[in-house]
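Sequence lines set the chain letters: A, B, ... in the order given, protein chains first and strands last, and positions in each chain run from 1.
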Amino acid sequence: MAVVTLTINDELVSAQEGQTLLSVLREHGIQLPTLCHLDGLSERGGCRLCLVEIAGNNKLQPACVTPAVEGLVVRTHSDRLVKYRKMILELLFSERNHVCAVCVMNGNCELQWEAAKVGMDHVRYDYLNPSLPVDASHERFTLDHNRCILCTRCVRVCDEIEGAHVWDLMGRGANSMMIADLNRPWGESQSCTSCGKCVQVCPTGALAQRGSSVAEMEKQHDFLRWILDGREKNVWEYTDAKSN
Amino acid sequence: MGVLTDPKPRVKPRNAAGGQAHPSGDPRFKLIDRTLKRFSYQQDALIEVLHTAQEAFGFLEDDLLVYVAHQLKLPLSWVYGVATFYHFFSLAPQGEHSCIICMGTACYVKRAAEIVSALQAEFGVEAGNTTADGKLSLNTARCLGSCGLAPVLVMDGDVVARQTPEEALARVRELLLGAARTPEAMSELTPLSATEA
Amino acid sequence: MNRADLAAMAQREQDRQDAFRCRVLCCASTPCLSSGGTAVREAIEKAIKDGDLDADVQVVSTGCMGPCSRGPVVTLKMRGAEDVVYEQVTPEAATRIIQEHVAKNEPVKEFVFPNDAPFFAKQHKVVLANSGQIDPESLEDYVARGGYTALAHVLREMKPDEVCESITRSGLRGRGGAGYPTGIKWDLVRKSQSDKKYVVANGDEGDPGAYMDRSLMESDPHRILEGMAIAGYAVGAEQGFIYVRGEYPVAAKRLERAIRAAERRGLLGSRMVDSQFNFRIDIRIGAGAFVCGEETALMASIMGKRGQPVPRPPYPSQSGLWGKPTLINNVETFGSIAPIILNKAEWFAAIGTDKSKGTKIFALAGDVNTTGLIEVPMGITLREIVYDIGGGIPDDRAFKAVQTGGPSGGCIPAQYLDTPVDYESLRALGSIVGSGGLIIMDERSCMVDVAKFFLDFCADESCGKCAPCRVGTVQIYKLLDKITRGAATLADLETLRELCVMVQETSLCGLGQNAPNPVVSTLRYFYDEYEAHIRKHKCAAGVCALNEKPMSPAVVAPPRPKRKVARLDELEAV
Amino acid sequence: MPNRIEPIHPEPTLPGAKVVISNAPKVRLATVWLGGCSGCHMSFLDLDEKLLDLAELADLVYSPIADIKEFPHNVDVALVEGAICNNDHLELARQVRERSKIVVSFGDCAVTGNVPSLRNALGLDDVLTNVYHEGPGKAPHGSADHVMPQLLPKVLPLHQVVQVDVFLPGCPPSPERIWAAVSSLIVGDAVILEPAMRTFG
């Protein structure tokens, strides 16, 4: 595969052609916040946290879907970008009821941590405080819409890895909601295999193991790499990291 | 981008022989079957099939969505997601009569919002809903493309131009009393019939 | 059917029409019908029957004639005389028109809309040339006015690259909003290598206050089909789709009939017009989602999915429908193609301004005397449109602003009335040409309220995929609502401005990127109005309730400590 | 594993009190308890021996742990715990703002509304009906009985009613966090917290 050279924050960097900008940045230790991206799933480009500036392009581009091409000049942490990331997190926190203190993911949550990392320590917008249900009908898992940020990792993992497509989004705009089958209680879903992949990939406490109490839920994304390596490269290495 | 631009249907569509007919034997399902056949059961015909289903049944009840999903071999949540994304599809039965108030820019500038509040107050129903007795569905539209006649209402399919809140109230009351249609009743705005499409 | 057959068909239809001493054209578009057009037509037919004029007079239902607020409109074509347009025709007037004008050649003066009125005189009809002149359901009528000859010419005389080149030379730019050069877009698709390509006509006219596309599809459907077929030939596509807004059943019906008629005559379909070229057109009915005007969302919708956009690149010209190169143009753009081919690119390029060529259709609405559909050369001033064509503001009230470009556009105040209407000039004013809605507002409109109206629209129509648009539009709306309730402080105004810029720059698609435009433009031109709401609790137009007080009273800034204590957010911005 | 969540609570890095005994007058420190559980104050008390260091530099001029009736004037630093739930909170918050140089939003309830704001999704009437009128311990309605402060339609974070200078999230903020902020503030330094020290929750 061809090697291309790009300039990232004034430094020359080489990358494989066709690699996404996000993976190049991560290889070089440049951390960008992401919420909808997850290695192993298709890209969505929806959370807009990984937006970067590209010279000659007057629009900000999401690193997760932008391919690395020869001569690209990229800036990842300009004042404007840092400010926008903070504002986007403010918007996400204002949208639903993200009450970290009483969330199963408290302390392990990607949303919580991204906010801390970019320094989003208060939300200037009005909290929308929608009234949203909690679906605890499944025997093993729970779905709390109050914590959902509509990243659709669950939709994608269920469709692309498990092949069940239990989840999808209904409605649109701020009224979008995760649904199982025909908007039925999760426990009544006939397509759900109870595999739990959606729970593991969920960045927040929206999907959790039943019985988890505040701050007890931890998630493992490792299985995804393991499955994909197995499928794509026929390598089924069972290491310690994957056995927990 | 896999989900959205995946060019290949995930399951090989069956051919025109089609799937099992609906067990109820309701003849309206034949209309749906016809559309399904016209599109050779291709999954990308989902919206067209839902259009036909809604025309035939008036709204999309769960049973209907399940039928469509099975015929097209699509996941249920996919079908439900599409049906709820578009404003045109209704998952609840509509009232006997309908009144749509255009809230396009021209109508808004001509104070259509006052008509909406007047009707909401009078009939005790929020726009987008049907009265408890199932008599009247009150809806707003984003623009009916009749901006020259603002503000515009559509009552049971008839376009009514240049309304004041008082006139609109009177018209809806008349409608509910079963008064005759306005003389300008137009065939033009009735929905495309399923057979013609 | 070959070119000779086409010419013969045109001649036959022309002869048939010439056989009538008089042709009565009744506008059968929605505005005229809802003003009583059906009764008018019945009265005309009865009067003709009563007067025994059947053999002499033909009555035709046509598409839109333009002055919609003056409907029902009827045009009288007497052999050897100029056309006479009648406005606000009542059934009684209709009877008189037949009895006096048709039978005795005495025009009914009080209902005549003079041809030399600025409403008509300032217009230049290219795309709308047939609208209101032909029966939209008659292929023959279209052919008699030169229809499909451009297609026949292209298929026989031109190579695909020549067609693209010709469109490029004409200077035609996309009529859907962004104004991308059409010829260049065509050429990109033409050059993309693929076994299959698609052509899509975007008829999902979602802007509230705009109905150009509906009118064109209803009044002259074949023109769009012809433009699409030419495009198909130019880019190498054999399949086209017209995506028609779900609210426009009449347009869908007429297009469907037009496709059938054209296919029957061999003007579409396999080996059309006696050539080796095949082109099929299918209709897809939208289901009510403004975001589907965005091209990637539109394609998702055509493929039966939730109408959510995907990041570009890749652009549709590389990877569109089912991953194949796809050309997407607005229906009005396709409507401009045949005249460009027939009259040559230079003719089209001579109309309009340096960078914006040709004509543009606008839907004129709001607080203006004559509302309706107009087609004007690019570069005409807003003043000419409002005061000449539109006849000014009713009751001599003061003009306040014109809103262009719908929810993605902005409000232009009175001091810019002499701005020429073209892509660059309007953009410089913070608005856009857009699809062509022009809403005129007088002093009774509150600009904060108008901005709020558009944000309510955008928040409702946001697809929900990207966070800035999904939540940002809601928060912008809430801030505006706060201002109109009287609960805002000046600090909120800053928050509002900052949020607008962020949503513009970070949203995934055009809907979010342009959603804040109505706020940004009104903040720019009507800042004092915002300020009056906040500082003085005053809405000059008397629209806003302003019955609340701000939660946080204007804080008197406390004396700062000697050494500055920075706020965390200031320090952590690295 | 790019998405591996890094540990959120690394070893606390305390800046250490730059305690310099001087003749300068002591900083006037206040702590305020609005709509919250007092957990933040408990955490404050967990400063333990640091409280002694603090006492060297600051006078506690108002606090729920000190019996002072009225919020005094000329306060240098005010730590405000709790969300704004009712009229009394609103009034006190405004008073604190007027009389203090630096107002610190102290803990998640003040910063985000946190648990008290859970009622916002339900609507005020429903909350009152469910909890006070139909629940086991029927209680008088705020508006009917002037003894009870009237509830606001929505619970608000502190910065939505007054200007806030420093945000100190956490439920409660750990003593380490509190010390990191307070030790800087009382010597007039800017508050700089590492990511792990500024998470919500």
Below 4.5 Å, heavy-atom pairs only: which of [options] has the largest tally toward chain C?
{"options": "L60(A), L169(A), N175(A), L35(A)", "result": "L169(A)"}
{"options": "E90(A), R80(A), M87(A), K83(A)", "result": "M87(A)"}
{"options": "P67(A), S176(A), A174(A)", "result": "A174(A)"}

Subject >> Residue selection (most heavy-atom pairs with chain A, distance under 4.5 Å) from A289(C), C463(C), A459(C) >> reply: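 The residue among A289(C), C463(C), A459(C) with the greatest pair count is C463(C).
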**OP:** Run the numbers on L92(A) and R470(C) for side chain to side chain contact (heavy atoms under 4.5 Å, CB included), then give the verdict.
**Re:** CA-CA 9 Å; L92(A) 284 174; R470(C) 181 180 75 232; 3.6 Å; yes
Go through the atoms of [X] and report whether side chain, backbone, both or neither lie under 4.5 Å from a heavy atom of chain C.
{"X": "L81(A)", "result": "neither"}
{"X": "L51(A)", "result": "side chain"}
{"X": "R85(A)", "result": "neither"}
{"X": "M177(A)", "result": "neither"}
{"X": "D168(A)", "result": "side chain"}

Subject >> Short side-chain to backbone donor-acceptor contact, Q475(C) and L91(A), under 3.5 Å >> reply: no
Original post:
Between R306(C) (side chain) and G171(A) (backbone), is there a donor-acceptor pair under 3.5 Å?
Top reply: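 Yes; judged by distance alone, with no hydrogens or angles, the pair exists.
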Original post:
Given that the side chain runs from C-beta out, which part of V291(C) has a heavy atom under 4.5 Å from chain A: side chain, backbone, both or neither?
Top reply: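 Answer is neither: V291(C) stays 4.5 Å or more from chain A.
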**OP:** Name the region of S507(C), side chain, backbone, both or neither, that has any atom closer than 4.5 Å to a heavy atom of chain A.
**Re:**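 Answer is backbone: N, CA, C or O of S507(C) sit under 4.5 Å from chain A.
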Original post:
With a 4.0 Å cut-off, would you call R124(A) and E498(C) a salt bridge?
Top reply: yes
Subject >> Sidechain N-carboxylate O distance under 4.0 Å for K59(A), E505(C) >> reply: no
Subject >> Chi angles and distances behind the side chain to side chain contact (heavy atoms under 4.5 Å, CB included) call for K482(C), D126(A) >> reply: CA-CA 10 Å; K482(C) 212 168 166 185; D126(A) 285 358; 4.1 Å; yes
Grab the two heavy atoms, one from [X] and one from [Y], that are nearest each other, plus how far apart they are.
{"X": "G45(A)", "Y": "L508(C)", "result": "O-CD1, 3.3 Å"}
{"X": "R48(A)", "Y": "T506(C)", "result": "NE-O, 2.7 Å"}
{"X": "P313(C)", "Y": "Q61(A)", "result": "CD-OE1, 4.3 Å"}

**OP:** Answer yes or no: are there more than 12 heavy-atom neighbours, outside R231(A) itself, under 6.0 Å from its atom CZ?
**Re:**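 Yes, CZ of R231(A) has more than 12 neighbouring heavy atoms, counting only those of other groups under 6.0 Å.
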Original post:
Where do R172(A) and Q308(C) land on the side chain to side chain contact (heavy atoms under 4.5 Å, CB included) test, with the steps shown first?
Top reply: CA-CA 9 Å; R172(A) 68 184 190 211; Q308(C) 294 195 319; 5.9 Å; no
Original post:
Can you tell me how far CD1 of I88(A) sits from SG of C466(C), rounded to the nearest 0.5 angstrom?
Top reply: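 Interatomic distance, C466(C) SG to I88(A) CD1, rounded to 0.5 Å: 8.5 Å.
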Subject >> Heavy-atom side-chain contact between Y125(A) and L499(C) under 4.5 Å >> reply: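 Yes, close enough: below the 4.5 Å cut-off.
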